[in-house]
Amino acid sequence: MDEPDSPPSGGLHRRHLPLLLPFLWQVGGVPWANGVAWRPWHMPFLLLWELAGVVVASLAIALVYRLDAAAAPR
Amino acid sequence: MIATAVTVVVVVATMLGTVAYGRMQARARTISEWAIGGRSLGLLVFWFLNAGEIYTTFAVLGISGYAWAHGAPATLALCSVSLAAAIGYWLTPRIWRSGRVSGLMTQADFFAHHYRSRWLGILVALVGIAALVIYVQIQITALGLVLRVTLGDVDPTTAAALAAAAMLLFVFFAGLRSAAFAAGVKDVLMVLLVGGLALTVAREVGASSIADLFRRAEAMAPAAATLPGRDLAAGLGVTWLMTTAISVAVGTYIFPHMFQLCYAADAAKTLRRNAIFQPLYSLSYLFIILLGVAALVAGTRPPDGDANAVLLQLVTDRYPAWVTGLFGGTAALLALVPGSVLLLTIGTIFTRNVVLPLRPALDERAQLLASRAAMVAFAALAAWLSVGPNQSLVTIGLTAYATIGMLAPGVYLAFLRPGVPAVALGAGLAVGYAAMLLPSPLSAWAAATGFDLGLAALLLNGATVLLLDAALRRGRAPLAVA
């Protein structure tokens with residue numbers, strides 16, 4: 001049996017799906033973001049997009065952490 | 001003179017602090033205490049070590065160089081850590097658990113144990129040691145670059161020998177825990193320093209604000225703001241960014257030292273929380289990109305046009321000597337601290353996966369001794385390689401990266417698909433290496449499209465493993481398919 005603290009021994013679960021979000025944003029979004037001509041503070045849009053992507057990644061991982069915690073047997 | 005003095009003070013003070021911290025922690029008595037901190041690292045220490053291994057000279061100097069020479073392709077840096085963390089959230093607790101349950105310490109331990117194959121363990125150990133020695137060599141060469149640009153003439157052989165000695169000192173006695181201390185010092189210094197430089201650099205190069213800096217850069221080099229950047233021939237387009245980002249993310253925790261680091265955590269929870277917070281550290285790459293852009297605006301000319309030296313040259317040109325010294329010292333730590341963890345990993349792998357299979361009777365003390373001796377020998381080897389004929393650092397680095405990345409199917413499938421035979425992994429490795437190293441239609445296609453060749457070879461490797469696994473399963477259970 002799993003210790004309460006350890007991950008389930010199985011492979012991927014549906015609750016891991018948000019881990020794909022950083023890939024959709026930071027990789028999937030590149031062709032679009034690279035073409036945006038808008039320059040907030042004169043900065044290239046792609047740079048700001050990827051910066052935002054870092055924060056999105058942190059939030060997505062934090063979400064899965066909460067889902068995992070909720071799914072763990074008490 | 002002032003620059004040299006400050007550089008030496010930064011490096012020596014960190015070294016003394018590390019050794020003192022190591023003594024406080026009491027000398028490591030078992031190989032587990034030494035190599036993986038007795039599986040007891042908490043979130044903060046782990047976070048610093050993880051960040052410390054990502055924040056190397058070539059992250060900092062390489063990225064600023066990319067921003068300067070190419071522009072937009074430097075945004076790769078902002079994807080690498082966060083994507084690796086998204087995978088790491090899932091992967092690292094599983095690696096950790098395997099170590100806890102089965103007493104594993106190295107990546108080769110993992111392969112040998114999980115696939116019940118001694119030859120696979122030894123093969124993985126040798127591949128790992130080779131790649132890590134190259135990585136140490138890169139760090140030593142980078143340190144030589146730092147000293148040359150910030151301090152002027154330094155004898156390369158002396159610099160390489162001192163670098164190797166300093167790396168050893170960081171981990172020789174107390175092992176991983178003392179490296180964590182040094183990584184913390186180095187990470188905090190580096191973030192403060194690049195932050196300070198980024199906030200002042202616009203004025204130093206004659207722009208009125210950071211926005212003005214970007215405006216000037218785009219006026220000077222309009223192509224830099226979007227992919228593929230200023231140098232069309234470099235092939236750093238959209239496909240390149242997308243595939244390389246995935247490749248780096250998949251490979252990060254496959255590196256033997258990152259893999260081994262997972263075993264050092266005190267709990268699975270530590271690794272999961274680390275995955276949440278690790279990406280935020282990479283926001284500081286914005287400062288580094290900004291400094292590369294500033295170097296472009298300032299018209300900085302690095303020695304021999306070497307992009308890796310542009311940040312060092314910018315600081316040397318535009319800032320007072322004490323700042324140059326501080327930056328030089330911190331940049332030296334950027335090479336030394338990750339290098340020390342690499343050496344520690346080499347020592348552990350060599351003892352546990354090369355010596356121990358041959359002489360299983362070795363006791364704890366003898367193992368520790370063997371690890372330390374191996375570490376010294378491989379440090380000497382790396383130092384010797386670094387003063388040898390000069391090859392392009394980036395080329396060597398990418399080769400090492402792709403070499404190690406080939407082990408990925410064996411790690412991921414261990415948790416996704418039970419019962420894959422070792423021979424299927426071996427065949428996958430062979431196919432992957434052939435695809436990567438031999439000229440073929442695949443490598444020509446990759447070069448033409450910008451598709452990361454390492455990722456393409458890895459996909460072929462993975463497909464080979466799965467096909468062979470499926471075929472062998474059919475062979476084993478003929479009744480089920482008849």
Side-chain angles (χ1 to χ4, degrees), chain A residues 1-13 15-69 71-72, chain B residues 71-72 74-79 81-83 85-90 92-94 96-97 100-101 209-218 224-228 237-239 241-243 245-246 249 267-269 271-273 275-283 285-286 289-290 415-417:
Chain A
M1 233 11 251
D2 288 325
E3 310 153 48
D5 181 30
S6 72
S9 41
L12 285 161
H13 292 260
R15 62 175 182 278
H16 290 133
L17 270 178
L19 294 178
L20 285 178
L21 188 61
F23 286 87
L24 293 176
W25 186 293
Q26 294 199 289
V27 177
V30 170
W32 171 76
N34 190 48
V36 174
W38 185 35
R39 297 275 178 274
W41 305 289
H42 296 289
M43 283 161 94
F45 185 76
L46 182 66
L47 179 60
L48 292 169
W49 175 257
E50 295 294 8
L51 269 177
V54 171
V55 179
V56 167
S58 263
L59 292 174
I61 298 169
L63 171 66
V64 179
Y65 183 85
R66 302 206 87 176
L67 295 175
D68 263 347
Chain B
T75 46
L76 173 66
L78 291 168
C79 312
V81 182
S82 41
L83 297 180
I87 293 179
Y89 176 88
W90 177 84
T92 56
R94 283 165 169 75
W96 173 86
R97 189 160 193 269
R100 189 50 73 105
V101 172
S209 65
I210 290 173
D212 186 40
L213 192 68
F214 276 100
R215 191 186 57 75
R216 285 168 190 245
E218 198 169 359
T226 52
L227 297 169
V238 169
T239 309
L241 181 64
M242 293 169 77
T243 52
I246 292 174
K269 202 189 226 169
L271 291 160
R272 290 163 159 182
R273 286 194 175 156
I276 299 175
F277 296 111
Q278 198 59 236
L280 297 178
Y281 193 77
S282 70
L283 289 174
Y285 283 140
L286 175 65
I289 292 174
L290 202 89
F415 303 114
L416 289 171
R417 187 169 169 81

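Convention: sequence-line order gives letters A, B, ...; per-chain numbering from 1.
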### Query
Checking A:V36 against chain B: side chain, backbone, both or neither under 4.5 Å from a heavy atom?
neither
### Summary
One should read off an interatomic distance between A:R39 CZ and B:F214 CZ, to the nearest 0.5 angstrom, of 10.5 Å
### Query
Does CH2 in A:W32 sit with more than 12 non-hydrogen atoms of other residues, nucleotides or ligands closer than 6.0 Å?
yes
## Note on the structure
Listed by number, the residues in residues 18-25 of chain A that come under 4.5 Å of chain B (heavy atom to heavy atom) are A:L19, A:P22, A:F23
### Message
So which residue, B:R417, B:M242, B:R273, B:R216, ends up with the most heavy-atom pairs under 4.5 Å with chain A?
### Response
B:M242
### Message
Taking the side chain as everything from C-beta on, heavy atoms only, tell me whether B:C79 gets closer than 4.5 Å to A:V27.
### Response
no
### Message
Taking A:E50's backbone N and O only, do any of them form a donor-acceptor pair with A:Q26's side chain (distance below 3.5 Å, no angle check)?
### Response
yes
### Message
So B:K269 and A:Y65, do their side chains get closer than 4.5 Å, heavy atoms only?
### Response
yes
### Task
Under 4.5 Å heavy-atom distance to chain A, tell me which part of B:I289 shows up: side chain, backbone, both or neither.
side chain
### Query
Within the distance-only criterion (no hydrogens, no angle test), does the side chain of A:R66 pair as donor or acceptor with the backbone N or O of A:A62 below 3.5 angstrom?
no
### side chain to side chain contact (heavy atoms under 4.5 Å, CB included) between A:V30 and B:L227, worked out
CA-CA 9 Å; A:V30 170; B:L227 297 169; 3.8 Å; yes
### Task
Heavy-atom distances under 4.5 Å only: say whether B:L241 touches chain A with side chain, backbone, both or neither.
side chain
### Task
Could you check which of B:S209, B:A86, B:S282 has the highest count of heavy-atom pairs closer than 4.5 Å to chain A?
B:A86
### Query
Does A:N34 reach the main-chain N or O of B:T226 with its side chain, forming a donor-acceptor pair under 3.5 Å?
no
### Message
Which atoms of B:A245 are under 4.5 Å from chain A, going by heavy atoms: the side chain, the backbone, both sets, or neither?
### Response
side chain
### Task
Taking all non-hydrogen atoms of both residues into account, name the closest pair between B:Y285 and B:A77 and its distance.
CD1-O, 3.4 Å
